Protein chains: 2
Amino acid sequence: MTRKSSSVTIRDVARHAAVSVATVSRFINRNAPVSQEVAERIQQVMLDLNYKPHTTARQLATRRTLTVGLVIHNMHTDFFAPLLSGIEAVVSENQYNLLVATYDYKTHHHRPLPIGPHNTDGLLSYSDCLNEEQLTDLGRQKFPVVLIHRTAPPHLRIPFVTVENKAATRKLISHLIQVHGRRSIIFMRGPSEQEDSYWREQGYRDALDEHGIPFQSDLILCGEFNRTAAYAAFKRFLARKHPPFDAIFTGDDDAAIGVFKALKEAGLRVPEDVSVVGFDDARLSSFLNPPLTTVRAPTHQVGSTAAALLFDLIQERPIEACTLLPTEIVLRRSCGCAYENPGEPFYDVVR
Amino acid sequence: MTRKSSSVTIRDVARHAAVSVATVSRFINRNAPVSQEVAERIQQVMLDLNYKPHTTARQLATRRTLTVGLVIHNMHTDFFAPLLSGIEAVVSENQYNLLVATYDYKTHHHRPLPIGPHNTDGLLSYSDCLNEEQLTDLGRQKFPVVLIHRTAPPHLRIPFVTVENKAATRKLISHLIQVHGRRSIIFMRGPSEQEDSYWREQGYRDALDEHGIPFQSDLILCGEFNRTAAYAAFKRFLARKHPPFDAIFTGDDDAAIGVFKALKEAGLRVPEDVSVVGFDDARLSSFLNPPLTTVRAPTHQVGSTAAALLFDLIQERPIEACTLLPTEIVLRRSCGCAYENPGEPFYDVVR
DNA sequence: GGGATTAGTGTAACCGGTTACATTAAAGCA
DNA sequence: TGCTTTAATGTAACCGGTTACACTAATCCC
């Protein structure tokens with residue numbers, strides 16, 4: 001294998017500065033007094049030799065990695081950019097590094113999780129990338145973990161950060177019913193076992209109940225929170241014998257793009273023939289034609305909050321066990337509202 | 001500090017299995033024969049004790065981290081999602097981890113680079129996050145580095161991956177001149193020292209030259225490749241005494257969003273009054289109103305190519321020193337073209 | 001002035017793995 | 001049968017830091 005050019009170690013520095021390695025270490029870490037004179041000598045030698053402390057060795061000795069891990073299943077959708085950005089901001093503020101692993105127990109369960117107590121000080125886990133067994137295992141080791149977009153199994157005391165899904169969805173669906181008179185509303189599920197999808201569906205059902213509209217299982221499709229799958233699922237729906245519909249809740253904004261396309265191909269107009277609404281308020285949602293009515297989720301803030309929580313955990317500060325960030329519905333034209341939003345996306349009608 | 005619950009080590013496993021640590025290590029790494037019987041015993045003990053090899057210790061002993069680093073200055077724009085996604089795909093395919101650091105020598109130069117030979121096996125560096133001195137330093141240690149969206153200083157033999165900026169820009173500007181009769185074209189620069197910006201400006205100048213249009217320095221603005229800065233810069237331009245203009249090359253797509261907004265506020269129509277063109281073909285560009293004419297840069301592929309190159313370097317395979325990925329102009333409506341693109345963004349008129 | 005404290009330093013064990021080298025027993029071969 | 005090869009294993013040094021403990025000399029305090 002690659003033989004690294006033998007690098008200069010703390011012992012080299014010690015020898016050249018005519019002191020012990022302990023003294024050099026103390027100088028570097030400033031955790032014990034070192035005389036002025038010796039300090040200067042060490043400083044000079046370090047420069048001369050271009051010495052860089054060996055991160056890995058230090059990690060082994062101190063059992064602290066100054067790194068946090070993030071597990072996500074992939075980065076294929078726009079959703080992850082603001083999430084990552086929020087996490088990254090807090091991580092670098094704390095002078096930590098971020099180790100990113102794409103891992104999903106459903107597809108990688110034969111492979112051990114590449115992130116854990118042995119290479120990070122704490123872990124952020126998105127959605128259902130880890131299963132309960134893995135979480136239990138980490139919990140048993142008292143390893144700091146914060147869950148993102150999923151709640152923790154109650155017997156594990158793992159803090160989590162997610163967004164308010166149910167009430168916002170209920171409000172959005174109610175809006176379709178009350179304001180726009182829609183009654184046959186398609187619901188597109190996300191990936192199964194995705195909690196967001198579950199709660200959004202509850203909100204959808206609640207809204208129907210509230211207005212006395214019976215739930216119809218053949219209005220439930222699977223959009224997978226992704227434009228391509230949503231397009232395909234909706235095409236299949238249109239092709240087969242299906243009940244009439246006058247609105248679609250696409251589950252998330254990315255799926256709405258696929259639905260827009262399928263509707264266009266079918267010659268159906270949005271919002272005249274069909275109201276379309278999404279969830280997330282992704283960066284491009286206000287640019288769609290028509291602009292997409294959706295629920296604004298503070299994804300960047302989800303990331304930063306989760307990361308902040310993780311540092312609280314790592315530093316053993318008291319923490320908030322569960323954080324449910326508020327969402328708000330954003331009315332644009334795709335539901336049938338006629339608001340003109342000048343200068344989108346800078347201004348939105350929010351309520 | 002946090003005292004980790006003492007974890008089970010290879011010596012514990014060895015003791016319980018009544019073998020030496022070497023044998024356990026061999027069994028784990030499958031790099032020397034171990035008898036069937038002993039193998040089973042070790043396997044069982046590992047399960048019983050829930051033993052997990054200590055990544056850091058292994059890294060120290062083998063001097064291989066199975067991790068690659070990525071240095072970017074931030075993740076604030078949409079540009080990074082496809083880049084990261086491309087990198088990530090190749091990294092996880094190679095069963096490596098990805099360590100992400102946001103670092104910029106201009107703002108962090110007092111702080112040492114958190115990524116290097118001591119915690120990664122190779123490094124991807126975006127644009128001008130690292131300065132020449134830092135690159136030289138890494139080069140001297142023969143540390144594998146691949147540059148993204150910048151060329152390497154010639155005396156350092158560092159491979160790089162970037163996109164074809166100049167010819168595409170020249171073609172795009174020529175299109176504005178020849179097809180749409182534009183002659184007073186604003187050019188928005190990106191961040192100074194950004195190579196992409198430099199080459200795009202060269203392409204812009206070449207196109208002017210080619211058509212005998214004199215270069216006007218007061219048509220050069222600074223958009224910073226970002227919507228907010230571009231909006232502000234363009235507002236300032238409009239507010240002061242300025243030469244007439246009939247087109248804008250915004251430097252990149254994100255900046256185009258800010259320009260769109262400022263134009264709308266000024267009551268100028270796109271493309272009737274002003275042609276607007278960008279660069280990148282970001283995910284939302286085809287959704288803008290009007291859809292943005294731009295240059296398609298294979299950003300995902302830039303990421304995957306750079307990562308693949310880095311692995312070639314790490315594994316000491318022969319490599320391509322410089323990779324210039326092709327770009328193509330994408331005509332939509334913002335320049336004045338009248339193509340109807342059915343089902344944007346799935347189909348584009350590309351040429 | 002004598003005991004207690006503190007500044008400044010060194011020695012060596014330790015973190016948890018890998019691996020060069022040595023050793024023994026079994027298998028292969030003439 | 002005797003010699004060489006190979007399978008299987010153990011011992012201990014090593015990777016490059018940190019830090020507990022020991023020690024000396026100087027300073028403080030009553």
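Order of the sequence lines fixes the chain letters, A, B, ..., with proteins taken first and strands second; residue numbering starts at 1 for each chain. Side chains are part of it too, since the values below use all heavy atoms of this structure and drop only hydrogens, waters and symmetry mates. Fair warning: this is a prediction, and the values are worked out from it, not measured in the lab.
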Near DNA chain D, which residues from residues 29-40 of chain A have a heavy atom under 4.0 Å away? A/Asn29, A/Asn31
Figure out the CZ/P separation between A/Arg64 and D/dG17, and round it to whole Å. 17 Å
Between B/His149 and B/Phe79 (judged by ring centroids, cut-off 6.0 Å), do the two rings come close enough to count as a pair? yes
When you check the side-chain N and O atoms of A/Arg58 and B/Asn119, is any donor under 3.5 Å from an acceptor? no
Using whole Å, report how far CD1 of A/Ile10 lies from P of C/dA12. 17 Å
Tell me: CG of A/Asn119 to C1' of C/dG16, nearest whole Å? 14 Å
Salt bridge present between A/Lys106 and A/Asp128 (N-O < 4.0 angstrom): yes
Any side-chain donor near an acceptor of the partner, B/Ser7 and A/Gln141, under 3.5 Å: no
Before you tell me yes or no, could you show the steps for A/Val24 and A/Ile28 under side chain to side chain contact (heavy atoms under 4.5 Å, CB included), namely the whole-Å CA-CA distance, both residues' side-chain angles and the distance that decides it to 0.1 Å? CA-CA 6 Å; A/Val24 177; A/Ile28 291 169; 3.8 Å; yes
Axis bend over the full length of the helix from C/dG1-D/dC30 to C/dA30-D/dT1, computed from five pairs that close each end, to 10 degrees: 30°
Salt bridge or not between A/Arg63 and A/Asp121? Use side-chain N to carboxylate O under 4.0 Å. no
Taking the six-membered ring for Trp, are B/Tyr103 and B/His73 closer than 6.0 Å centroid to centroid? no
Could you please spell out the steps behind the side chain to side chain contact (heavy atoms under 4.5 Å, CB included) verdict for B/Leu99 and B/Val68? CA-CA 6 Å; B/Leu99 192 60; B/Val68 298; over 6 Å; no
Strictly under 3.5 Å: I want the nitrogen or oxygen pairs between protein and nucleotides 22-24 of chain D, one per line.
none

Within this structure, what is the OG1-CG distance for the pair A/Thr299 and A/Leu84, rounded to the nearest 0.5 Å? 11.5 Å
Length of the CG-P vector between A/Leu60 and C/dT18, whole Å: 12 Å
If the condition is side-chain hydrogen bond (donor to acceptor under 3.5 Å, both in side chains), which residues does B/Ser304 pass it with, not counting sequence neighbours? none
Contact list for DNA chain C against residues 13-28 of chain B - heavy-atom distance below 4.0 Å: B/Ala22, B/Ser25, B/Arg26
Residues of residues 48-59 of chain A with any non-hydrogen atom less than 4.0 angstrom from an atom of DNA chain C: list those, numerically ordered, please. none
Would you say that more than 12 heavy atoms from the other residues, nucleotides or ligands in this model lie under 6.0 Å from the CZ of A/Arg157, or not? no
Tell me if the NE2 atom of A/His300 is crowded by more than 12 foreign heavy atoms within 6.0 Å. yes
Assess, by modelled atom type and distance only, whether the side chains of B/Gln44 and B/Glu40 contain a donor and an acceptor separated by less than 3.5 Å. no
Taken to the nearest whole Å, CZ/B/Arg11 to P/C/dT18 is 11 Å
Correct closest heavy-atom pair for B/Ile42 and B/Ala17 would be CG1-CB, 4.1 Å
So, B/Arg111 and B/Asp104, do they make that salt bridge, N to O below 4.0 Å? no
Note: for B/Ala61 and A/Ala61 on DNA chain C, the residue whose nearest nucleotide lies more 5' is A/Ala61
Once rounded to the nearest 0.5 Å, what's the spacing between atom CZ of A/Phe80 and atom CE of B/Met75? 12.0 Å
